[in-house]
Amino acid sequence: MEFIKKIKPFDYLIIAILLIALVVGILTYFGKRATSSNQIEATVNVELEIYLRGVTSTSKTPIFKAGEETFITIRNVPYTKLKITDVKFDKRKALIPAMNAKKPYVVVNDETLPYQYDYLVKVIDSAKITKDGDAVLGGNKVKIGIPMTLEGAKYKLNGVITNVIVSPQPSNSTHSDLDKHTKLNQDVQ
């Protein structure tokens, strides 16, 4: 009884916090509480289209090449090297008014900025897909509008994600058909 009289109110708070942590741990262990690992449904390949606007370059060789790797930084957090699958680029464009009622403007190369280009770079990686359908790379949900930095031996450029293409997941019927054919082939003596 003297032990209980020596306990201060602050000690009761510490005991309550420890009991709550113990209950949460037990619920998590038995699957009654969802954790981030329970939110992942699948791991599939994802292609990211990254738009780099107004890249200034006087080099005669292209900055990006399909098949090469580039180091990716997502929201200022370094991630990893990813393979470039496709590159499209064009000189900066300008709108010039035209005296035509059907087509009131004309798009031409902007000659005031001769060394500026707009790039669309497509990279591929495997990503975890959440139950909401979001792709997660390196702990970051990747969505349209998220800033990305592409870095190589001779460049470090900032862009933004303009498209996230999730490769389709194989259906269960395909796997069952494949399993059926595999078992048939294994029965041959």
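Excluded from the calculations below are hydrogen atoms, water molecules and symmetry mates; all remaining heavy atoms, backbone and side chain alike, are included.
Looking only at distances, a side-chain donor or acceptor of T85 sits under 3.5 Å from a matching main-chain atom of K122. The main-chain N or O of N45 is found under 3.5 Å from a side-chain atom of S167 such that the two form a donor-acceptor pair. Using modelled atom types, one side-chain atom of T162 and one backbone atom of E49 make a donor-acceptor pair closer than 3.5 Å. Of the possible polar contacts, none joining the N109 side chain to the K93 backbone as a donor-acceptor pair under 3.5 Å is found. Put simply, the side chain of K91 never gets that close to the backbone of D110: no donor and acceptor are under 3.5 Å apart. Of the possible polar contacts, one joining the N100 side chain to the K102 backbone as a donor-acceptor pair under 3.5 Å is found.
For F64 and Y155, the gap between ring centers is short of 6.0 Å.
If you take CD1 on I17 and CG on L22, they are separated by 13.5 Å, rounding to the nearest 0.5 Å. The distance from the CD1 atom of I129 to the OG1 atom of T43 is 8.0 Å, given to the nearest 0.5 Å. How far CG of L19 is from CD1 of I14: 12.0 Å, rounded to the nearest 0.5 Å. Taken to the nearest 0.5 Å, the CZ atom of R92 stands 8.5 Å off from the OG1 atom of T56. Here OG1 of T73 is found 8.5 Å from CG of L150. Values are rounded to the nearest 0.5 Å. One distance of note links CD1 of I63 with OG1 of T70; it measures 10.5 Å at 0.5 Å rounding.
Tracing side-chain contacts under 4.5 Å through hydrophobic residues (I, L, V, M, F, W, Y), one reaches V166 starting from L137; they form part of the same cluster. Residues M148 and V87 fall within the same hydrophobic cluster, defined by Ile, Leu, Val, Met, Phe, Trp and Tyr side chains chained together at heavy-atom separations under 4.5 Å. Side-chain heavy atoms closer than 4.5 Å link hydrophobic residues (I, L, V, M, F, W, Y) into clusters, and following such links, possibly through other members, connects V44 to V142. Cluster membership check: F71 does not share its hydrophobic cluster with I124, using side-chain heavy-atom separations under 4.5 Å among Ile, Leu, Val, Met, Phe, Trp and Tyr.
No side-chain donor-acceptor contact under 3.5 Å links N140 and Y79. A donor-acceptor contact closer than 3.5 angstrom links the side chains of T149 and N158. A side-chain N or O of S59 and one of T61 form a donor-acceptor pair less than 3.5 Å apart.
Considering V160, I161, V164 as possible partners of I146, the one that fulfils the side chain to side chain contact (heavy atoms under 4.5 Å, CB included) test is I161. Checked options L48, I72, L82; the residue passing with D125 is L82 (criterion: side chain to side chain contact (heavy atoms under 4.5 Å, CB included)).
What you find for A98 and V106 is that their closest heavy atoms are CB-CG2, 3.8 Å. Minimum interatomic distance between R75 and K141 (heavy atoms only, all atoms of both residues): NH2-O, 3.9 Å.
By the 30° and 60° cut-offs, the orientation of the rings of Y117 relative to F89 is perpendicular.
Within a 6.0 Å sphere centred on CG of D11, other residues, nucleotides and ligands contribute more than 12 heavy atoms.
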